[in-house]
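Just so you know, ligand 1 is whichever comes first in the structure, and atom 1 is the first atom listed for that ligand. In what follows, every heavy atom counts, from backbone to side chain, and hydrogens, waters and symmetry copies are set aside.
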Amino acid sequence: GLVLEIAAHSEIADARLRNVERILPVQALPVHTLSLIRFASNYYQYPIGQAAFVALPAALRRVSYSGPKPQWQYVLTTAGKAVPVNEFPARATVKRRLLAALRLAPMCRADLMAVSASAAKLVESWAQAGWVEKRPETLPQGKAGFTTNAQHELTDEQRAAVDAISAGFGSFSPWLLDGITGSGKTEIYFRLIEQAAGRGAQTLLMVPEINLTPQLEERFRGRFPDLRLVSLHSNLAEGERCANWLAASTGRAQVVIGTRLSIFTPLPQLGLIIIDEEQDGSFKQQVGLRYSARDLAIFYARQRQVPAVLGSATPSLETYHNARSRRFGHLHLSRRPAANRASIRLVDIRGMGKVQSLSDPVLQAIGACHARGEQSLVFLNRRGFAPVIVCAACGWNAGCSRCSARLVWHLRDAVLRCHYCGHEERMPRACPSCGNQDLKGLGQGTQRLEQLLGERFPGARVLRIDRDSTRRKLAWHTMQDDIRQERVDILVGTQMLAKGHDFPKLTLVVVVNPDGALYAADFRAGEKLFQQLMQVAGRAGRADLAGEVLVQTQFPEHPLYRALVHQDYRSFAEELLDERRVAVFPPFVYQALLRAESQSESTLMDFLGFAASQGALGHDAVTLYDPVPATIAKIAGHHRGQLLAQSASRAELQRFLSEWRPLLVESKSRRVRWSLDVDPIDL
Ligand code: ADP
Ligand code: ZN
Ligand code: ZN
């Protein structure tokens, strides 16, 4: 349980009230965190108790929790001071660095982490040896100074951005920092963090799940070796997450790098919030409390009176619209200070016949790239060998028995797999419907491309990177190493490769037939495609090597591709915004989606029918649409349907939802599972 407030009276019957038996030694959540949780609970229509638990690390929620472990400070003893640095061989870098750091000043846990992940263990052994004394830590004290390693002279645009944002320290100001990959956004974050830390303020830096890599942390630690930085994400071991959370919430950590859940971390000295790649879908939680960490960050920055910086090469239309209508300041970075912009070219495959495959210009470019000793990336947003298996004789295709989805052929494991429910079956020898033995794979998967490239370039080392090939722990880590060490020539990959990773020798990116998204049902598909293509394009070309991007398409005249070739997101975004205004889609209206599923189709329809029959409850500004089946109408034997509520007024929609939800709770049949998604990003 969680005590949110103490009241003299309750409307709940005495018999249903419980006594507090014992209070766990968890430090109280500060008022500002509680009001963020309250806001999230109201806005996203989710019970306050469950919302609050999202904010607390699991270790603190245990009945067995016995309070925070004492935080130690490590100080060199006289014996320790007498140890010469060359006690250790030069290759024992961690030992040498740790000893050197301890000679300068006492160290706490976060300081140790800054030296190395293994420093904590090492210092314990030195304590055993009598070199180091452990004292209870007396922090937090704002460190007066910290080291800042080599930095660039800022470009004029960077300087203007840093000045504009830092002028607003101590008050709420939201900013869109709009610049392509490599335009120096991270450099701006560094400068702002430095200034914030100099003022004794904490920075919360939120990044997409896939970008929170050891490389990013290394880059930060390299720049600010003794700034106390902790990371927060769901892959941390429970104990570590808890320790990092405590370091943040006691003010010991000066910088918190985290994924979406870090928005709920109490930060007593918060001075700045940065959200990198703000358009990224991973900022929206898709289960339980369906919050957008980006949107909450704006609310929270206002509440705490701090600047919020949203960085992106391809801002979400919501953010772009906010910047254009001057609710957010808009800062531009138009150049890449350390690299050339990659050029983007379309390869028209109309009339080439072989729509499924790689075209000749693409194969030539890959060959030439390989001959130059550089790396290429063939990007395909789809897993498996071939998406669907069809019988050319009768038209039968392999579908999942539990879902309304087709099975995907996975060559390596020789199975058909459902990407929705995980169901697997053997590849049939013949068509189960007509007995035809010549079953064909339609479409293109990463495995098939890998095979094709291997055949075409026998001398090249081809590496496939997708969720299948990286499933084993550490596999992805090893692969990144192989790429950096140039043990790979051609990469074949899905969106795992689109983001965040810098490979210096990668100069060619080929995007294979992304056309499907141009005509997808989701009104955000075009926006997402452009964002994704710009992101992959950002992988090509580094400091001294020019990059090239080839997009193989059947629709080279499409406005999206024409804007892409000019890398002109802005005019494309303007066009999309006009379309959305006319079609009355977000960001010009606000939406909430009721999703429901049931094993019984009629129960599902009854529930959605009831929800629709309530109408908009007298809220004229709210439109309630008819119930419809979900895009995947059935998953793992559960029928799925949905109902959209929409309004031009956010407040009206909120008022409607808070009246609607209790009715749904009451009507609820036990055989229906449902949820409300406010500001859904997938319909
Ligand atoms: P982004 O975050 O926008 O992708 P980065 O900040 O990572 O861009 O910068 C891209 C590259 O350019 C990095 O290698 C960085 O060191 C370099 N860089 C950034 N700013 C400057 C500058 N003012 N002068 C020279 N190089 C810079
Ligand atoms: Zn399935
Ligand atoms: Zn058949």
Side-chain angles (χ1 to χ4, degrees), residues 149-162 176-193 205 207-208 211 213 215-216 218-220 222-223 274-278 309-315 331-342 388-408 415-425 428-440 499-504 534-535 537-545 547 632-640:
N149 282 333
Q151 45 183 246
H152 309 286
E153 194 71 35
L154 292 183
T155 64
D156 290 346
E157 285 176 327
Q158 283 174 316
R159 163 111 340 263
V162 170
L176 166 59
L177 179 60
D178 186 344
I180 57 165
T181 308
S183 61
K185 296 186 294 297
T186 310
E187 183 62 35
I188 291 175
Y189 305 156
F190 282 149
R191 298 296 177 112
L192 293 170
I193 287 169
L205 169 64
V207 300
N211 290 21
T213 56
Q215 283 90 324
L216 179 73
E218 263 164 45
R219 199 173 157 194
F220 266 88
R223 181 64 172 266
I274 299 170
I275 299 130
D276 192 30
E277 307 281 359
E278 65 83 29
V309 180
L310 311 188
S312 180
T314 47
L331 301 162
H332 297 278
L333 299 177
S334 56
R335 285 185 302 274
R336 277 176 144 184
N340 299 314
R341 214 181 243 257
V388 288
I389 301 296
V390 293
C391 169
C394 77
W396 170 88
N397 62 61
C400 177
S401 51
R402 306 199 291 161
C403 310
S404 51
R406 294 196 177 109
L407 295 173
V408 175
V415 293
L416 299 175
R417 186 175 291 145
C418 173
H419 282 196
Y420 291 94
C421 75
H423 167 77
E424 275 185 12
E425 52 189 70
R429 260 167 240 257
C431 171
S433 163
C434 76
N436 169 19
Q437 303 214 337
D438 185 24
L439 291 177
K440 282 213 169 61
K499 300 180 191 175
H501 307 285
D502 288 342
F503 301 122
M534 281 299 282
Q535 225 157 19
R539 303 298 122 235
R542 285 292 121 194
D544 45 346
L545 295 173
I632 310 293
K634 192 173 150 206
I635 291 185
H638 287 79
H639 298 270
R640 307 162 75 235

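- Of the residues V309, I274, L177, L331, the one that meets the side-chain contact (heavy atoms from CB on, under 4.5 Å) test with I188 is L177.
- Within the sub-2.8 Å shell of the Zn ion (ligand 2), the protein contributes these N/O/S atoms: C400 SG, C403 SG, C418 SG, C421 SG.
- On a distance-only criterion, T181 and ligand 1 share no N/O pair closer than 3.5 Å.
- Residue P337 has no N or O atom closer than 3.5 Å to an N or O atom of ligand 1.
- Among protein atoms, those of element N, O or S found less than 2.8 Å away from the Zn ion (ligand 3) are C391 SG, C394 SG, C431 SG, C434 SG.
- The residues R159 and E153 are annotated as not salt-bridged, no charged nitrogen and carboxylate oxygen being separated by less than 4.0 angstrom.
- Under a cut-off of 6.0 angstrom, the local environment of CG in D156 is sparse, with at most 12 non-hydrogen atoms contributed by other residues, nucleotides or ligands.
- In this structure the side chain of S433 never reaches within 4.5 angstrom of the side chain of C391, judged on heavy atoms.
- Contact annotation: the side chain of P432 approaches that of W396 to within less than 4.5 Å [non-hydrogen atoms, C-beta and beyond].
- The shortest distance between side-chain heavy atoms of E187 and F190 falls below 4.5 Å.
- Not a single donor-acceptor pair under 3.5 Å links the side chain of K185 to the backbone N or O of D178.
- Side-chain atoms of Q535 and T314 form no donor-acceptor pair, as typed in the model, at a separation below 3.5 Å.
- Not a single heavy atom of G179 sits closer than 4.0 Å to an atom of ligand 1.
- For the atom pair CD1 of I275 and OG of S312, the computed distance is 11.5 Å after rounding to the nearest 0.5 Å.
- Taking T155 as the reference, Q158 meet the side chain to side chain donor-acceptor pair (under 3.5 Å) condition, with sequence neighbours excluded.
- Taking only non-hydrogen atoms, the option from R219, E187, R335, E277 nearest to atom 13 (C) of ligand 1 is R219.
- With a 4.5 Å cut-off on side-chain heavy atoms, P315 and L310 do not count as touching.
- Residues that satisfy the salt bridge (Lys or Arg N to Asp or Glu O under 4.0 Å) test with E425, not counting sequence neighbours, are absent from this structure.
- Residue contacts with ligand 1 for R223 are absent, since no atom lies close enough (heavy atoms, distance under 4.0 Å).
- With a heavy-atom cut-off of 4.0 Å, L154 touches ligand 1 through its backbone alone.
- With values rounded to the nearest 0.5 angstrom, C400 atom SG is found 13.0 Å from R406 atom CZ.
- Every atom of ligand 1 is numbered from 1 in the order shown, and the set under 4.0 Å from a heavy atom of T155 is 23 (N).
- Counting heavy atoms closer than 4.0 Å to ligand 1, residue I180 contributes backbone atoms (N, CA, C, O) but none from C-beta onward.
- Proximity of a side-chain donor or acceptor of R336 to a complementary backbone N or O of T181 within less than 3.5 Å is detected.
- With atom 15 (C) of ligand 1 as the reference point, the heavy atom nearest to it among K185, H152, E153 is part of H152.
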